[in-house]
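A quick write-up on the structure given underneath.
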Amino acid sequence: MIDSLALALTVAALVAAAWALLLVALNKPLALDTKLTLGIAGLTLLLEAGLLVQAVIGIVRLVGTDRELSGATFVGYLLAPVVVLPLAGLWAVAERSRWGASVLAVGLLSVPVMIVRLQQIWAGHA
Amino acid sequence: MPEDTLARTTRSGPGRLLIAVYGVFALAATARSAVQIATRFDQAPLAYLLSALAAVVYVLATVTLALGSRAWRRVALASCAVELAGVLAVGAISFLAPELFPDATVWSHFGSGYGFIPLVLPVLGLLWLRRTASAPRDLAT
C-alpha cells in the first residue's frame with residue numbers, strides 16, 4: 001500500500017520491541033520514571049499515532065480503489081493494531097515487575113505481523 | 001490464600017504475559033473465524049466450526065485467567081484442557097486425514113502455522129494454574 005509508511009511503522013515496532021525485551025533482560029519494570037522506560041513509552045505513542053494515520057489513509061485508499069479486495073479483512077488489519085497497542089500498553093503498565101515490558105513486547109511484535117498481512121491483502125494474494 | 005490475592009497472583013508476573021498472548025490469540029482467532037463463517041462457511045464447515053470453537057476457548061481462557069478467582073480459575077482450567085485436547089486431536093487428524101480439513105485451522109499440524117504457540121500455550125496455562133494454586137504470595141515479584 002503506502003510502502004514508506006508501512007516500512008517506517010515496521011521498523012519502529014521492531015525497535016520498540018527490542019527495547020522492551022532489553023528492559024525485560026535488565027529486569028526493569030515499566031515504571032515510567034527512567035529515561036529507558038519513558039523513551040519506550042514515547043516511541044509506542046508515536047507508533048500508535050502512525051498506525052492511526054495508516055488506518056485513515058488505508059480506508060481512504062480502499063474506498064478509492066476499483067480492485068477486488070477483501071475489504072472487511074483489510075479494514076480489520078488496519079484497525080486491529082490501533083486497538084491492540086494501547087490495550088497491551090495498559091496491561092503492561094499495570095504490572096510492577098519485569099513481566100510488564102514483556103507484555104508490551106508481545107503487543108509491539110504483533111504490529112509488524114499485521115502490517116505484513118495488510119500488504120499481502122492490498123497486493124491481492126491473501 | 002484470600003480470594004483477591006489469588007486473583008492478583010494469577011494475573012501477575014508470567015501470568016500477565018500468558019494472558020497477553022492469550023488475548024492476541026483470542027482476537028486473531030475470533031476475527032479469522034468470523035470472516036470464514038461469514039464469507040465461505042460451506043467450503044470447509046468442519047474446519048470453520050473448529051476455528052470458531054478455538055476462538056471461544058481462547059476468549060474464555062483470556063478472560064477467566066484475568067479474573068482469576070477460585071471459580072473462574074476452574075473455567076480457565078477447563079478452557080486450557082479443551083484447548084490442549086483440541087490442538088492434539090486436530091493436529092493428529094490434520095496429518096492422518098487431511099481431506100477432512102480443506103482449509104487450515106489454528107490447530108492444524110499442531111499449530112505450526114502459528115509457530116506452535118497454540119500447542120505451547122495450553123501447556124503453559126495448565127502449568128501456571130497448577131503453580132499458582134498453592135503459590136506463596138510473593139511469587140509474582
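Just so it is clear, the model here is predicted, and its values are computed rather than measured. Every chain is numbered from 1 and lettered A, B, ... according to where its sequence line falls, protein lines coming before strand lines.
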* **Rounded distance [0.5 Å steps], CZ in Arg96(A) versus CZ in Arg16(B)** => 9.5 Å
* Would Val24(A) end up clustered with Leu36(A) when hydrophobic side chains under 4.5 Å apart are linked, directly or stepwise? -> no
* Which bit of Arg32(B) is near chain A, if near means a heavy-atom gap under 4.5 Å: side chain, backbone, both or neither? -> neither
* **Leu27(B), part contacting chain A, at a heavy-atom distance under 4.5 Å** => side chain
* So if you build clusters from Ile, Leu, Val, Met, Phe, Trp, Tyr with side-chain heavy-atom gaps below 4.5 Å, do Leu17(B) and Phe116(B) land together? -> yes
* Tell me whether Leu51(A) is reachable from Leu14(A) by hopping between hydrophobic residues (I, L, V, M, F, W, Y) whose side-chain heavy atoms are closer than 4.5 Å. => no
* State yes or no: do Trp91(A) and Val63(B) share one hydrophobic cluster built from I, L, V, M, F, W and Y residues joined by side-chain heavy-atom distances below 4.5 Å, directly or via other members? => no
* Structure fact -> In terms of heavy-atom contacts, Ser97(A) and Gly13(B) come closest through OG-CA, 4.1 Å
* So what's closer than 4.5 Å to chain B heavy atoms on Val103(A): side chain, backbone, both or neither? -> both
* Can you tell which part of Ala105(A) gets under 4.5 Å to a heavy atom of chain B, answering side chain, backbone, both or neither? => neither
* Give a yes or no on whether Tyr48(B) and Phe25(B) share a hydrophobic cluster (residues Ile, Leu, Val, Met, Phe, Trp, Tyr; joining criterion: side-chain heavy atoms under 4.5 Å apart). => no
